[in-house]
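Order of the sequence lines fixes the chain letters, A, B, ..., with proteins taken first and strands second; residue numbering starts at 1 for each chain.
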There are 2 protein chains.
Amino acid sequence: MFSKATEYALRAVIYIAQKGSPENKISIEEISGAIGSPRSFTAKILQILRKDNRIIQSVTGPQGGFYMTEQHRKLPVRAILTAMNEDHILSKCVLGLHTCNELKPCPMHASYKKIKEQLIQLFETRTIAQLAHEMDAGTAFIKFLGKKKEKRK
Amino acid sequence: MFSKATEYALRAVIYIAQKGSPENKISIEEISGAIGSPRSFTAKILQILRKDNRIIQSVTGPQGGFYMTEQHRKLPVRAILTAMNEDHILSKCVLGLHTCNELKPCPMHASYKKIKEQLIQLFETRTIAQLAHEMDAGTAFIKFLGKKKEKRK
DNA sequence: ATAAATAAGGACAAAAATATCCTTAATTAC
DNA sequence: GTAATTAAGGATATTTTTGTCCTTATTTAT
């Protein structure tokens, strides 16, 4: 559904929301380790999410890292898609037709429409905080327990 | 949601289902023109769909081209995804976690699950024939009316 | 002030997806 | 059987996505 970059973004933000705060900032190292994403690529993605402090914040230096404010935690998950420039995936035509709309629907339009509406609803109403809380409660998980790269540079 | 290749595949198959028959085979030229896809890339995709006569059939030579049998028209739309090797998109974790399942759900799992079920249901129950019939009935459209490439070789 | 830790950012590399071109094979019309 | 038409298939090119590496800037601790 989404690109790898966006998948990593979603996982990273949820992780930061759960573990990070101004008093406890999280390093790229920890984040990429926890969510199972390539370290340097993740760094790039976090830069995008930090741009204009849209989703996350960061500081350099010792004890530096990434964190979120309460306000940012209240953002809908959709805000992450928007920051990653993949918000359109929720509403685009499933056959990729630019011309598809209510007046000139593609053959899948009517039936797929209901699903799109639910997708948008889901990403719009669920907040980053809610997802983080599920992890706190132990009812949801994001960690890769599996195989790690042997050596990382 | 799907790759461009799969979007083209869906459109091409629906078009062939509507217009093609053993008596009236459709050329790549016509297909790519009608669905607004790059000619040679579309040719590759049609080769994949024709492999083992899974979705479509073809013959070379004058009056040759692509067509479908009634049996193939009865296939669920999902068969196209399977042929294009993108069937997994319907059921994968929205965060891209291989470990995500009922026992170790990701934070989006429970709510996204319902949408996945509907997606699978949609692609499994709707047949290629049904989509073609909507186009016949004039209640659905696939054509690009828009700008075409100036010169095509 | 200096050293250490950390993200920022640029340049580059690798892989995958998308797209084009050319030659070959099959079929049909004549 | 020859020429014309069409898909098959291989090789290559281009673009996008994914990923790595190195240097710089910022902050903190000493």
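The side chain of A:Y8 places an N or O atom within less than 4.0 Å of a non-bridging phosphate oxygen (OP1 or OP2) of D:dG19. A sub-4.0 Å separation between OP1 or OP2 of D:dA8 and a side-chain N or O of B:S58 is present. Distances shorter than 4.0 Å separate none of the side-chain N or O atoms of B:R50 from OP1 or OP2 on D:dA7.
Centroid-to-centroid, the aromatic rings of A:Y112 and B:F2 stay 6.0 Å apart or farther.
In this structure, of D:dT28, D:dA4, C:dT6, it is C:dT6 that holds the atom nearest to the side chain of A:T60.
Between the P atom of D:dT26 and the CD atom of A:Q47 lies a distance of 14 Å, rounded to the nearest Å. Protein atom CG of A:L46 is 15 Å distant from nucleotide atom P of C:dT6, rounded to whole Å. Distance A:I45 CD1 to D:dT20 C1': 13 Å, rounded to the nearest Å. Atom pair A:K51:NZ and C:dA7:P shows a separation of 19 Å (rounding to whole Å applied). If you take CD1 of B:I48 and P of C:dA17, they are 11 Å apart, rounded to a whole angstrom.
With respect to the salt-bridge test (charged N to carboxylate O, under 4.0 angstrom), the residues B:R78 and B:E86 do not qualify.
A donor-acceptor contact under 3.5 angstrom links the side-chain atoms of B:K44 to the base of D:dG10. Below the 3.5 angstrom threshold, one finds no donor paired with an acceptor across the side chain of B:S40 and the base of C:dT20.
For the side-chain hydrogen bond (donor to acceptor under 3.5 Å, both in side chains) test with A:S21, the passing option among A:K19, A:Q18, A:E23 is A:E23; the others fail.
Atom CD1 of B:I115 and atom CD of A:Q121 lie 9.0 Å apart (nearest 0.5 Å).
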